Amino acid sequence: MMYNSKITGLGYYVPENVVTNNDLKQWMDTSDEWVQERTGIKERRWIDPATGDNTSSMGVKAARIAIDRAGLTKEDIDFIIFATLSPDMYFPGGGVRVQDMLDMPTVGALDVRNQCSGFIYSLSVADQFIKTGMYKNILVIGSENHSGGLERSTRGRGVTVIFGDGAGAAVLSRSSEKGKGILSSHLHSEGKYARELMLDGPATGRWVPEILAENNPDDVSYYPYMNGQFVFKHAVVRFSEAIIEGLQANGLQKEDIDMLIPHQANLRISQFIQKKFQLSDDCVYNNIMRYGNTTAASVIIALTEAWEEGKIHDGDLVVLAAFGSGFTWGSVIIRW
Ligand code: ACO
């Protein structure tokens, strides 16, 4: 027997510390005008280290809310999926930390490393586990602590101004309602562009002793690198393809979309997609203005906020889409 999976709980957590575009000027030569014009970002949240927040603990805060809203307890969760590019430790990943911090039974915990499409991939994995009948309730988390690893200088400004910290969580549960819940997911990758958006080292291809031995003050391989315009050009194409692929697989048209939640990479990308699909402002949710790009957390934070604001109704067609480092991209189509 095949089951359906549906989202039964949503939650998010962002650090309290607001960093405006003007605040960034203390570290780098930039301006509110440049950042807003290119990206739409007005401010982002960056962890204040004094609070002790980290990638796992933010995920836990979002997860508590999602589990509670699902009307469940941590004992009801059968499996954890944790998406991040910024784990607290090189290994193990964030999922096991959540299992510990939430004092959960010894359920499985899987980390997904798919950067900006991490939440889309995670939701798809969770959907398969539920559809086969293996698990009933899966906790899916996307969380990022970018601020700890960004270069706060003029040299790093092209990347640093874009990224923010935060976490979101969803509980995906078994459902017997036909035609509702996750209708499809489509996932893609094109690894030949891995180096266009990446963090080179420390990793086994470029380990700490090598970096230290070179003693090169200009070495910034331990900061993220992004070929911005190249990524932008691919993003607009792949976003569109993933959405069309998802709609076609379900025999749906762009007119059927009630709510599109695009990964919050750049407001200009979201606006391009909105125009291409001729969607009204009510049918697209953006919050990059307030949070910047929170990578694996972005789609789930936006979905949670849209739902909290009453913008997602029973029976709505909700489309999630993301593109990012890898390159990886994909879409998830949900009948709410
Ligand atoms: N403030 C002021 N000036 C800046 C800043 C800044 N923060 N950053 C760069 N500049 C300058 C550059 O030095 C350059 O100056 P120059 O012309 O004198 O050399 C000029 O502004 C233009 O820089 P570009 O990098 O060409 O700017 P661009 O218009 O491409 O915008 C941006 C950069 C916003 C990053 C854009 O390319 C973009 O959004 N790309 C896509 C990002 C994306 O989708 N990422 C995928 C998800 S992320 C993930 O997966 C982890």
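Model, not experiment: these values are computed from the prediction.
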**Request:** List the steps and the verdict of side-chain contact (heavy atoms from CB on, under 4.5 Å) for L267 and M289.
**Result:** CA-CA 8 Å; L267 190 61; M289 306 74 89; 4.3 Å; yes
**Request:** Could you walk me through whether K233 and E196 pass salt bridge (charged side-chain N to carboxylate O under 4.0 Å, His left out), step by step?
**Result:** CA-CA 12 Å; K233 282 179 198 148; E196 304 299 337; over 6 Å; no
**Request:** List the steps and the verdict of side-chain contact (heavy atoms from CB on, under 4.5 Å) for V237 and H234.
**Result:** CA-CA 5 Å; V237 174; H234 283 256; 5.9 Å; no
**M89 and V96: CA distance, side-chain angles, deciding distance, side-chain contact (heavy atoms from CB on, under 4.5 Å) verdict** = CA-CA 11 Å; M89 296 180 265; V96 296; over 6 Å; no
**Request:** Given side-chain contact (heavy atoms from CB on, under 4.5 Å), test I269 with F232 step by step and report yes or no.
**Result:** CA-CA 7 Å; I269 296 178; F232 193 103; 3.5 Å; yes
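V299 and L123 fall within the same hydrophobic cluster, defined by Ile, Leu, Val, Met, Phe, Trp and Tyr side-chain heavy atoms under 4.5 Å apart, directly or through other members. L139 is not connected to I7 by any chain of hydrophobic side-chain contacts under 4.5 Å among Ile, Leu, Val, Met, Phe, Trp and Tyr, and they are in different clusters. A continuous path of Ile, Leu, Val, Met, Phe, Trp and Tyr side chains, each step under 4.5 Å between heavy atoms, connects L320 with I138, placing both in one hydrophobic cluster.
Counting only heavy atoms from C-beta outward, the side chains of S298 and I261 never approach each other to under 4.5 Å. For the pair I243 and K254, the minimum side-chain heavy-atom distance is 4.5 Å or more. Taking 4.5 Å as the limit, some side-chain heavy atom of D111 sits within range of a side-chain heavy atom of F82. For the pair Y13/I65, no side-chain contact is recorded, criterion being any heavy-atom separation below 4.5 Å from C-beta on. Between E309 and Y285, the closest side-chain pair of non-hydrogen atoms falls below 4.5 Å. Side-chain contact check for I334 versus K6: every heavy-atom pair is 4.5 Å or farther apart. Contact annotation: the side chain of M101 never approaches that of R64 to less than 4.5 Å [non-hydrogen atoms, C-beta and beyond]. With contacts defined as side-chain heavy-atom distances shorter than 4.5 Å, the pair K42/Q36 qualifies.
Pairing each heavy atom of L85 with each of T295, the nearest pair is CD2-CG2, 3.6 Å. Counting all heavy atoms, side chain and backbone alike, G324 lies closest to L197 at C-CD2, 4.3 Å. Nearest heavy atoms, A126 versus V140: CB-CG2, 3.8 Å. Considering every non-hydrogen atom in both C116 and A322, the closest pair reads O-CB, 3.4 Å. V161 and R44 get closest at one heavy-atom pair: O-NH2, 2.8 Å. Residues F119 and A83 share a closest heavy-atom pair of N-CB, 4.2 Å.
Residue-environment remark: CD (Q26) exceeds the threshold of 12 foreign heavy atoms within 6.0 Å. No more than 12 heavy atoms of other residues, nucleotides or ligands sit less than 6.0 Å from atom CZ of F91. Atom CZ of R113 is surrounded by 12 or fewer heavy atoms from other residues, nucleotides or ligands within 6.0 Å. Around atom CD of E33, no more than 12 heavy atoms belonging to other residues, nucleotides or ligands sit under 6.0 Å away. Counting non-hydrogen atoms of neighbouring residues, nucleotides and ligands closer than 6.0 angstrom, the NZ atom of K136 reaches no more than 12 such neighbours.
A donor-acceptor distance shorter than 3.5 angstrom exists from the side chain of Q128 to the backbone of S124, with no hydrogens or angles considered. Put simply, the side chain of S5 never gets that close to the backbone of D127: no donor and acceptor are under 3.5 Å apart. With hydrogens and angles ignored, the 3.5 Å screen pairs no side-chain donor or acceptor of R174 with any backbone N or O of I130. Side-chain atoms of S117 come within 3.5 Å of backbone N or O of T328 as a donor-acceptor pair. Panel note: side chain E190, backbone F327; no donor-acceptor pair is recorded below 3.5 Å.
Taken to the nearest 0.5 Å, the CD atom of Q264 stands 11.0 Å off from the OG1 atom of T39. Here the CD1-CG distance, from I312 to L317, works out to 11.0 Å after rounding to the nearest 0.5 Å. M28 CE to L150 CG: the interatomic distance, rounded to the nearest 0.5 Å, is 8.5 Å. Atom CH2 of residue W46 and atom NE2 of residue H146 lie 11.0 Å apart, to the nearest 0.5 angstrom. Residue H188 holds its NE2 atom at 7.0 Å from NE2 of H186, rounded to the nearest 0.5 Å. Note that the SG atom of C283 and the CD atom of Q278 stand 12.0 Å from one another [nearest 0.5 Å].
A donor-acceptor contact under 3.5 angstrom links the side chains of N54 and S57, judged on distance only. Using modelled atom types, one finds a donor on one side chain and an acceptor on the other under 3.5 Å when comparing D23 with T20. Between S184 and N250, the side chains place a donor N or O and an acceptor N or O closer than 3.5 Å (distance only, hydrogens not considered). Side chains of E144 and T84: a donor on one and an acceptor on the other come within 3.5 Å. There is a side-chain donor-acceptor pair under 3.5 Å between S221 and D219. Remark: the S173 side chain and the N137 side chain contain an N/O donor-acceptor pair separated by less than 3.5 Å.
For F272 and F239, the ring centers sit 6.0 Å or farther from each other.
Between R335 and E177, no side-chain nitrogen of the basic residue sits less than 4.0 Å from a carboxylate oxygen of the acidic one, so the salt-bridge criterion is not met. For R206 and E214, the salt-bridge test passes: some basic side-chain N is under 4.0 Å from an acidic carboxylate O. A salt bridge between D316 and K311 is absent, with no side-chain N of the basic residue lying under 4.0 Å from a carboxylate O of the acidic one. Using a 4.0 Å cut-off between charged side-chain N and carboxylate O, D200 and R195 make a salt bridge.
Under the 6.0 Å distance and 45° angle rule, R238 does not count as a cation-pi partner of F323.
With T154 as reference, R157 is the one residue of E151, R157, R152 to meet the side chain to side chain contact (heavy atoms under 4.5 Å, CB included) rule. Between S147 and the choices V19, D165, N17, D53, the side chain to side chain contact (heavy atoms under 4.5 Å, CB included) rule is met once, by D165. The side chain to side chain donor-acceptor pair (under 3.5 Å) with Q271 is formed by just one residue from the set K275, Q274, R268; it is R268.
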